[in-house]
Structures are given as structure tokens and as C-alpha cells.
Novice: 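The structure is given below, and queries will be raised subsequently.
Just so we're on the same page: letters track the sequence lines, and every chain starts at 1.
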Amino acid sequence: MKASMPIFLSSCGGLTAALCCLRTPTRLIGHNRIVPPRCETAAHSSGQNTLFPCRAAFRGVRAHRSSTAAPLCSDTSAKTARLQKGSRTSLSAGGGRTSSGASAHTPVIITSAPVTYAHGTTESWRPSSDIFPVKSRGGEWYLGAVSLSRPRRIMPICVVTDTGTQVPTHFQRVPIPHLSLSSACSDTFVKAKVLQKFPLASSEGDYDYILKTVIQEYEDQQNLPSGHTSINAILFGPLAKDFSQTVAEGDLLVLAGFTVGRSPTVKKDGLHPCNLELAGGDVHIYVYPASTLGPSPSTVSTRTRAPVTEAAKSKYAYVALKDLKAGMVVNIYGVVTFFKQPFRTKGTDYCSTLKITDHSDAKLCCSIFSEKLENHPQIYEIGDIVRLHRVKIQLFNGTLNCITTLGFSALTFDGTVGSPIVPRTSSSSFHFCDDDRRMVERLRAWATGQLALPPRSAIPLSSVRPRMYFDLTCQLLAKAVIDTCCTLLKVWDGTICADPLLSVSVEPVTLEGSLAVTGGRHNLVANVLVYDNHVEVARRLKPGSYLRIYNLHAVPQSAEMPPGGGGGGTGGAGHLAFHLHGGTAYGRGIRVLPEDSLDLQELKRSLESLENDMSDSSLIEWCTPPESLDAVPEDSLTVLKCDHTLERVTLACVKKTTPPRVFHVRARLRSYQPERLYQALKLHCPKCKALQDVPDEEAIASLFREALSGTGCCSEPWAFTGYLDSSDPGRKISLHMCRSVEKGAKELVFVEGATFEEMSRLSVGQKSLVPVRSSDGRMTLLDLSAPFLFQGPKQYYGCTRCSQVNCVELDTQEKGEMDERRIAEVLGVQPLRYVFLMKLDLQDNSGCLDALLWNDAESFFCVPASDAEASQELQDWIQQTLDKLCPPGGCLEERPWLDLCLRSYTVEESGQRTVCYQIFSTVVSGADV
DNA sequence: GCTTAGGGTTAG
């Protein structure tokens with residue numbers, strides 16, 4: 001006898017069995033087990049630290065991406081000459097420029113290096129259409145055909161003198177921090193200032209010349225995204241030569257037609273991990289000479305901006321701290337020995353408290369008042385050097401201190417000997433000269449020899465011990481408001497704490513940011529609880545930014561926390577939580593460190609070595625905002641039905657996280673198993689979790705034939721028995737009705753002596769037929785590998801393990817109809833449930849992933865599996881659906897996108913843990929209408 | 001125009 005050996009689905013099983021079953025649907029697999037997800041409803045309920053990336057973290061990004069074609073320059077005054085709408089520039093061969101519009105509407109750009117043709121040129125022209133295409137229409141510049149002529153050598157570098165010029169509206173600006181290896185470069189541009197231009201170099205490769213330049217995102221946007229704002233751009237060939245001749249440091253560029261490559265110097269220069277490569281005819285560069293630019297945009301810190309004036313001698317006098325007297329208004333220099341980040345006073349201002357000393361060995365406490373945070377000195381650590389202008393010396397409690405007076409300003413410098421002397425300031429205009437440089441160097445050198453100066457207190461997470469107070473330099477990954485006086489910050493610094501870290505989970509919707517970049521690695525993420533006055537600062541922090549948190553307290557948990565309690569914290573005794581207590585004692589506070597801060601070097605090294613350990617894609621994950629996925633214009637063929645709002649992530653991101661988790665992904669269906677639908681239909685025992693194939697008809701027919709031999713008389717007290725002629729001469733088919741027929745169970749008929757084919761024919765239009773055989777004078781069911789119940793076209797199976805059938809004794813007290821469940825119960829049969837089980841091979845731009853379609857498969861197709869089993873029409877419908885999701889023969893790029901809700905979970909089999917994924921809460925479009 | 005703070009651990 002051919003019997004189905006089931007696959008078992010229980011709490012200790014594995015995925016492989018199910019997949020085996022998919023691959024070899026008619027072969028029977030025994031005693032393997034599959035784990036259904038332990039966490040059926042909420043991935044974060046397991047107590048693990050789970051994160052659901054929140055859209056809010058990228059709000060700024062989206063806002064930016066939607067605003068295409070921002071004016072290149074803010075000056076769009078009426079003096080800007082423009083072409084009339086629809087007009088076209090043409091230039092005569094004989095000399096003077098002619099235009100279909102008035103001369104007042106002549107474009108004032110146009111250059112083709114090495115000779116620049118600018119507004120008012122007397123160069124002679126003739127029509128040509130093969131030159132750098134520029135067209136002005138409605139006041140905007142387009143890349144399109146234009147008839148300018150007499151090009152000598154036409155290169156795609158344009159010097160723009162019209163400050164109202166705009167880029168074509170279909171071009172989209174990409175902020176440099178958002179560039180990644182996977183960036184789509186067509187119809188995009190970057191807008192950046194030339195920080196550094198290296199000398200033109202000759203090259204032996206495909207190009208004769210090569211030139212490197214460092215450009216920086218042009219800071220004219222509110223909420224400039226965090227990340228690397230400076231990037232290397234490499235120009236090749238004639239372009240490099242022209243760039244060398246045309247462009248100067250300080251110029252503003254608009255670059256289009258570039259490609260993005262990996263920067264080989266990222267470790268050395270600490271700039272963007274990618275570089276821009278510019279070669280060939282697709283490249284277009286608009287150059288806005290520094291002289292034509294207005295004042296620098298003011299929305300972003302100008303900490304690295306070059307001073308406006310630089311002279312050898314200072315026009316300011318600085319007083320040594322030992323020479324200060326009460327009542328003086330002075331300019332001073334000092335080395336910071338204590339400081340508090342600006343905090344709100346009871347008055348109108350923020351106050352920074354600092355204590356400084358200098359080579360005269362005097363000490364001075366300073367109170368800096370300003371209602372603008374940017375006017376406060378940007379002090380990152382003890383040892384920094386400050387220059388304070390116009391402070392008033394006063395006596396308080398017998399000691400001198402100083403406070404700000406009108407005209408106060410501050411510069412801050414890193415205190416490390418030998419490091420670049422770059423003043424930190426928000427002021428666009430400040431005086432800085434060689435005297436200042438010498439003063440900073442002198443104070444640095446002096447401070448280095450001062451043992452009395454307090455040590456710097458920033459340490460990595462790996463050095464943190466329980467109960468310590470310390471300063472942490474870190475990157476903010478995500479944050480969540482806990483209540484009005486507490487905010488949670490999830491941070492990391494790339495090092496692993498020796499003590500286990502407390503894990504704090506919060507409602508997914510409240511979390512802003514993403515932990516995806518950590519790849520789900522344990523003990524990397526510190527949970528910082530920020531209290532009281534620091535909540536205001538925390539509210540302004542953007543995930544991805546770099547922070548220094550001062551006087552952070554490592555607090556070991558005293559006892560095991562109750563599951564789900566205590567604000568979602570999990571972890572046993574000794575797990576470290578980090579508290580930034582209220583108040584400003586010991587300089588407690590938070591400071592955002594700029595991307596290019598020297599103070600971030602160690603952190604970046606740690607994060608870099610982590611990244612090297614992880615796949616390259618992790619970098620791309622971090623650099624690529626999820627909005628790039630949103631940009632996919634196609635509609636999805638599936639619809640999410642879940643009630644949670646999750647940031648959509650890539651499949652690579654899904655694979656990097658630790659289960660259990662829930663994700664939203666958008667992917668294409670590369671293939672699916674099994675290929676034949678009937679093989680996807682399984683029988684599942686809800687009791688023992690066994691999963692088995694639906695027996696094929698031949699096997700069932702064989703069971704029925706075997707049962708014929710046992711036919712004989714039995715002594716069941718049937719209420720009624722009728723007989724039918726069978727297809728075999730002499731064989732009768734008995735139809736028994738039990739005594740309960742008198743009570744209403746009349747549609748339950750026991751059929752003895754029928755073949756499977758006869759049984760199938762008999763069941764047409766019948767409510768409930770149960771095939772039986774006689775054994776030792778008693779009536780019993782057939783082997784449970786055959787259906788135990790026929791209802792019209794539907795056939796029901798029982799679990800051979802869990803059913804307890806002896807003889808059929810149907811002396812029930814039933815009244816009315818019995819459904820299949822009740823019939824099974826009365827017969828002692830544990831019914832099996834029809835289920836779908838498929839493996840979908842998904843792919844997106846980041847990679848591929850196998851996901852099971854199982855528990856939610858019926859709702860995915862909106863077809864009950866038991867109905868599909870009996871309905872050719874429904875099976876055809878499912879097959880057509882699968883053909884739509886994964887058109888046979890088509891290439892992957894042509895396949896539709898599918899929005900999917902995925903859940904990850906772990907299964908354990910033979911001591912091996914495997915991560916599995918299932919599709920949930922997803923419905924094929926139109927299936928549910 | 002004046003005031004604010006005036007260092008020195010929360011107690012979650």
C-alpha cells in the first residue's frame with residue numbers, strides 16, 4: 001500500500017522539510033518538522049530589541065526629492081535676460097547675433113571651452129545643432145537642441161553668468177550625501193562648490209588627462225541631510241583639461257551626466273565613500289564663478305568656511321587671563337577645562353558655562369549668554385581652545401568671571417597639537433590672521449604639558465563599565481519619544497560593550513530612524529534614555545547624525561525586568577542602560593558633531609571596520625534613502641492589508657536583521673515552487689502539525705479496491721440499507737443509513753463496496769458519504785490515507801496519527817445536519833486541513849530572498865484551499881494569477897513589482913537554526929473584490 | 001535694554 005508519510009509542523013521543526021516537499025511533491029517525506037512563526041502577531045513581542053524603520057526619519061529627504069529643479073541661484077531679478085517662450089536662439093554666420101526674440105531675450109550663458117562665448121561676444125557664429133544643447137523657455141534652461149555655432153572644440157562645460165538660470169525641470173537634484181553606488185544618475189544633477197582642485201595630471205589609460213577635485217554640497221537647503229557632504233569628482237580626458245582651465249576653487253558647479261563609483265581613498269580622506277566620475281559626451285557642467293555668487297547660504301553652519309579677511313597681524317588685542325581686572329571688557333584666549341553645552345536659562349537666553357585657563361596659568365569662569373544657539377562657542381571637548389571677543393570681567397563671590405557683552409563673538413579650535421587650525425563658528429564674517437594661528441599653536445603646546453588639566457572623558461562603548469559616567473561619541477540610529485520628560489536614543493559607535501546592553505523596544509510607529517545598518521548584530525546598539533531638559537535637544541536630533549553625549553551614566557539593571565514591562569526594556573540583571581539624567585551638572589548634555597569633525601575620526605574608524613565585516617550592501621543601505629524605492633513608478637500587483645506602517649526596506653536589509661521581525665518590501669517574483677499548482681496544495685493536521693501531500697487518485701483507488709475484499713455481512717443495526725449494482729458483475733454497493741436518520745441525520749450515508757470512481761460519482765449532489773468496509777463483522781472506515789468523507793466534489797481526509805477510529809458506531813443523538821467537523825468528531829477522525837504551501841523566490845535591486853507563502857496563502861489568493869482542491873475554475877484562476885506575478889518566459893525586469901509584508905522567524909532543526917520568511921497580510925490586487 | 005548663571009551627578 002502506498003501511504004503518505006507526513007511532514008510534521010511543530011515547535012521544533014525546520015524549513016527544509018517543507019521545501020523538500022515543494023521540490024518533490026509526490027515523494028513522501030517523513031518526520032521532518034517545520035516551525036510556524038512563534039510570533040504570529042507582533043514581531044516585537046518576543047522581547048528582543050526590534051526596530052521598524054519609520055518614514056519620519058526621512059521626511060526631509062522626501063521633501064527634498066519632490067522639489068525638483070530648484071533655482072540655481074536665488075537671484076532671479078528682472079535684469080536676467082530670457083528668451084520668450086518657444087523662441088529659439090540662432091546666431092548668424094556673419095558676426096552679429098540674431099535671435100527670434102529681441103536681443104533683450106538672448107541667453108547669457110554659453111561657453112564652449114576652451115573659448116568662452118559669453119553674453120555680448122563678437123565671435124562669429126553659424127547655425128549648428130551638434131553643440132552643447134541649451135534652450136531657454138519660460139525662464140528656464142533646457143538641455144535640448146539649440147543653434148549656436150562655430151564651435152571650435154565643443155566641451156560640455158558652461159560658465160554661467162546669469163544668476164537666474166535654472167536647470168531643466170525634469171532634472172532632479174541629488175544631495176551628495178544621498179549618492180550611492182546604486183544611484184540612478186540619468187536626469188539627475190548635483191550642486192556643489194569646488195573645495196579643492198588638484199593639478200591636471202596626464203594619464204596613460206584610455207584618457208590623456210585626469211583631474212581630481214573635491215566638491216561640497218551647496219548648502220542652500222533647509223535640513224541638509226546628514227552624511228558625507230564632500231565628495232571626490234574625477235574628470236577624464238579633454239574634460240579634465242577644460243575643467244582645469246575653466247574652474248576655480250570656490251566656484252559653484254552643477255554636474256550632470258556623471259557616474260558613481262567607489263572611492264578608493266575613502267579611508268585616507270574620510271570623504272564620501274563614492275566618487276563622481278565624469279567622462280564622455282553625457283557630461284554637462286555648469287560653472288558659476290565664485291565672483292558671481294551672492295553671500296553664502298546661511299542655513300547651515302559655516303564652521304569650515306574660510307575667514308573673510310586674513311592678515312598677518314591681528315587688529316585685536318588679547319589679554320592674558322592673569323591680567324584681567326573687574327570691569328574690563330576684553331578679548332581673551334583660553335584652553336577649555338570645563339564646559340556645559342548651552343542650556344536654557346530662566347531669562348531669554350541660552351547659557352554656556354565654561355572654564356578656561358591659559359599660559360599665564362590663571363583660570364576664568366565664563367558665562368556666555370545668547371538666545372541664538374549658533375552664537376555659542378562650539379566646544380566639543382576639554383582641551384578645545386576658545387577665542388572670546390568682548391567679554392566683561394566681573395567679580396562674583398571674590399573671584400573674577402566673565403560674561404558676554406554686546407558685540408560678543410566666539411571662535412573655537414581643536415586643541416590637538418598638529419591638527420588643522422580650522423575655526424568653528426557660525427559667523428560668516430570674522431577676523432582671523434597669522435597672530436591667531438600662532439596663539440592657537442602656543443596654547444595647544446602649552447596645554448599639552450599641563451598635567452593639571454582634566455583628562456578628556458570621551459571613551460568608546462567597549463571601555464564602558466557599569467556605573468561609569470562618561471562622554472560617548474556615537475551615531476544616532478533611531479529615536480523615540482517615551483513621554484514628555486524622556487526620549488530614547490538608539491546609538492552606536494562601532495565598538496562592542498563588554499557588558500550586555502539593555503534592549504529597549506518601543507511601539508514601531510514611535511520609532512524614528514533605522515537600525516538596519518547594524519545588520520542585526522548584538523550588543524552594538526546602546527539605548528540611551530534622555531531626561532528632562534535634554535529632551536528638547538533630543539527632539540531636534542536627526543537619525544544618522546553624529547553626537548557626543550556628555551556625562552552619560554551606565555546604569556546596570558538591578559533585576560530581571562518583567563516581559564513587556566518597564567518601558568519595553570529587556571535584559572537580565574547587569575544589562576546596561578544609559579541615562580542622560582536631567583540637569584547640567586558635570587556638563588551633562590548633547591552636542592551634534594559635524595560630519596567632518598576631527599572628533600569623529602575614531603568613531604568612523606570603528607564603524608568602517610564594522611562595515612568591512614559586513615557586506616558592501618550595508619553601506620549602500622545607509623546611503624540610499626528608502627525613497628529611492630518609492631521612486632519606482634510601477635504599481636504593485638499586490639496590496640498590503642496589514643495595519644502597521646513600516647518603512648519599506650530592501651531584501652538585503654531583511655536578510656541582515658535578526659528575527660523575529662516584520663518588514664515591508666517591494667520585490668519581483670523570480671520563480672516559485674512548486675511549479676504545478678496541485679503540488680502546492682497540502683494537507684495539514686492542526687493537532688500534530690503534520691503536513692502531507694494530497695494523495696494521488698491512483699493511490700486512493702488502490703485503497704478502495706483493497707477495501708472491496710473485506711466486504712461481507714456485518715451486524716450494525718442500520719436504520720436502513722439499500723443496494724446498488726456496481727460496475728462489476730455480482731458486486732453490490734451497500735448504502736447504509738444509521739439510526740439517527742430518524743432524528744434528522746438523513747443525509748449521512750455510509751457506502752460499502754464501492755470503488756473510488758463509483759464513490760466519486762455517487763457523491764455528486766450528495767451531502768455526506770462516508771466510505772466504509774466490514775472487518776470482523778463490524779463496520780469500519782477505510783485506511784485514512786483515503787478520504788473519509790465525500791461531500792459533493794469535496795473530499796476530506798483524516799490524520800492517520802491523531803485519529804482514533806475503531807468501528808463505526810453511529811448512535812448519535814444528532815438532530816439536523818452535521819457538518820464535516822462534527823461528522824469527523826463522531827467518527828473519531830482528526831480532520832486534515834487543506835493548505836497552500838509555496839516558496840516564492842523574490843528579488844529586488846539589493847538581492848534575492850526565498851519567502852514561504854503558507855499561513856496567509858489563502859488570503860493572498862483570496863481562495864480557500866479546500867475550495868481550490870475541488871474547483872478547476874479556482875485552480876485556473878490561481879494559475880493565471882501566478883502567471884501575472886511571474887509571466888512565463890519574460891525577463892525579470894519586465895515582471896511586476898509586488899508589495900509584500902514579510903515576517904522573519906527562526907526554526908531549529910537538528911540543532912541548526914535557520915531563518916525563514918513568510919508572506920503575510922498581503923493580497924493579490926483585485927483578488928478580494 | 002535687562003536678565004539669565006554663578007560647574008560639582010539621577011535617583012527615571
Novice: Atom CG of L373(A) to atom P of dT4(B): distance rounded to whole Å?
Specialist: 20 Å

Novice: Return the set of residues passing salt bridge (Lys or Arg N to Asp or Glu O under 4.0 Å) with E374(A) (not counting sequence neighbours), or none when no residue passes.
Specialist: none

Novice: Only pairs at least two apart or in different chains count here, so list each salt bridge (charged side-chain N to carboxylate O under 4.0 Å, His left out) that has a residue in residues 457-480 of chain A.
Specialist: none

Novice: Please identify each residue that fulfils ring-ring contact (aromatic ring centres under 6.0 Å, His included) with Y531(A), with sequence neighbours left out.
Specialist: H579(A)

Novice: What contact category does L354(A) fall into here, base, sugar-phosphate, or nothing, at under 4.0 angstrom with non-hydrogen atoms?
Specialist: nothing

Novice: Rounded to whole Å, please give me the gap between CD1 in I403(A) and P in dA5(B).
Specialist: 12 Å

Novice: To the nearest Å, give me how far apart CZ (F339(A)) and P (dG6(B)) are.
Specialist: 16 Å

Novice: Protein within reach of the bases, or only the backbone? For nucleotides 7-12 of chain B, mark each nucleotide 5' to 3' as B, S or -, using heavy atoms under 4.0 Å.
Specialist: BSBB-B

Novice: Among all residues two or more places apart in sequence or in another chain, which pass the salt bridge (Lys or Arg N to Asp or Glu O under 4.0 Å) test with D493(A)?
Specialist: none

Novice: For F396(A), check ring-ring contact (aromatic ring centres under 6.0 Å, His included) against everything at least two apart and list the hits.
Specialist: none

Novice: Checking all strands, does Q394(A) fall into the base, sugar-phosphate, or nothing category for heavy-atom contacts under 4.0 angstrom?
Specialist: base

Novice: Salt bridge check, D361(A) against K322(A): does any charged N sit closer than 4.0 Å to a carboxylate O?
Specialist: no

